[in-house]
Amino acid sequence: MADKSSSNAYWAANIRIITISLVIWFVASYGLGIILRPMLAGVTVGGTDLGFWFAQQGSIIVFIVLIFFYAWRMNKLDAEYGVEE
């Protein structure tokens with residue numbers, strides 16, 4: 001990454017990935033687990049309602065998936081801009 005414009009493009013892509021990941025995590029944990037829980041009360045998963053499931057387990061699973069997605073996507077981005085390890 002030799003020039004400033006390439007560096008700026010790299011960091012803009014990095015921030016975009018982080019922002020998208022945080023929005024997905026927010027929707028899964030806060031949105032589905034707290035705000036939309038009354039609407040999800042009629043749907044059952046494993047003997048409990050879907051809102052409770054997202055509050056207790058679903059948001060954790062989404063977070064773990066996001067960790068692997070971020071690592072995979074950043075490895076691709078690093079290779080694209082020539083800053084891989």
Side-chain angles (χ1 to χ4, degrees):
M1 207 175 351
D3 60 359
K4 183 116 171 118
S5 65
S6 180
S7 176
N8 288 341
Y10 173 80
W11 283 106
N14 186 4
I15 296 298
R16 186 175 60 246
I17 293 169
I18 291 171
T19 303
I20 290 168
S21 297
L22 286 174
V23 167
I24 291 170
W25 188 32
F26 175 80
V27 168
S29 62
Y30 190 73
L32 295 175
I34 297 172
I35 295 175
L36 298 176
R37 183 169 181 212
M39 291 174 42
L40 299 173
V43 181
T44 60
V45 172
T48 187
D49 67 271
L50 187 60
F52 178 78
W53 186 84
F54 265 106
Q56 297 301 314
Q57 294 176 356
S59 61
I60 296 169
I61 293 170
V62 169
F63 181 63
I64 292 171
V65 168
L66 283 174
I67 289 171
F68 285 105
F69 166 76
Y70 179 77
W72 169 75
R73 187 62 185 102
M74 284 306 298
N75 284 334
K76 277 183 65 174
L77 191 66
D78 288 348
E80 181 181 329
Y81 285 94
V83 293
E84 68 268 59
E85 294 177 359

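The figures that follow rest on heavy atoms only: side chains count, while hydrogens, waters and symmetry mates do not. What you see is a predicted model; the values in this text were computed from it and never measured.
Asn14 and Tyr70 share a side-chain donor-acceptor pair at under 3.5 Å.
Here the shortest heavy-atom pairing between Tyr10 and Val83 reads CE1-CG2, 3.8 Å. When all heavy atoms of Ser21 and Leu66 are compared, the pair lying nearest together is O-CD1, 3.3 Å.
Legend: residues meeting salt bridge (charged side-chain N to carboxylate O under 4.0 Å, His left out) with Asp49, ordered by chain and number and at least two apart, are Arg37. Applying the side-chain contact (heavy atoms from CB on, under 4.5 Å) criterion to Ser59, with sequence neighbours excluded, gives Ser29. Listed by chain and residue number, nothing satisfies the side chain to side chain donor-acceptor pair (under 3.5 Å) test with Thr19 (two or more places apart in sequence, or in another chain).
Using a 4.5 Å heavy-atom cutoff, the side chains of Thr44 and Leu50 are not in contact. No side-chain heavy atom of Trp53 sits under 4.5 Å from any side-chain heavy atom of Val43.
Apart from Phe52 itself, the hydrophobic cluster it occupies contains nothing, where clustering links Ile, Leu, Val, Met, Phe, Trp and Tyr at side-chain heavy-atom distances under 4.5 Å.
Applying the salt bridge (charged side-chain N to carboxylate O under 4.0 Å, His left out) test to every pair with at least one member in residues 9-30, sequence neighbours left out, gives no pairs at all. Within the structure, salt bridge (charged side-chain N to carboxylate O under 4.0 Å, His left out) contacts touching residues 51-76 (residues at least two apart or in different chains) do not occur.
One distance of note links CD1 of Ile17 with CG of Leu77; it measures 5.0 Å at 0.5 Å rounding. Annotation: the span from Ile15 atom CD1 to Asn8 atom CG amounts to 11.5 Å, rounded to 0.5 Å.
A chain of hydrophobic side-chain contacts below 4.5 Å, direct or via other Ile, Leu, Val, Met, Phe, Trp or Tyr residues, connects Met74 to Trp72.
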- Message: Could you walk me through whether Ile64 and Ile60 satisfy the side chain to side chain contact (heavy atoms under 4.5 Å, CB included) test, starting with their C-alpha distance in whole Å, then the side-chain angles of each, then the deciding distance to 0.1 Å, before giving a yes or no?
- Response: CA-CA 6 Å; Ile64 292 171; Ile60 296 169; 4.1 Å; yes
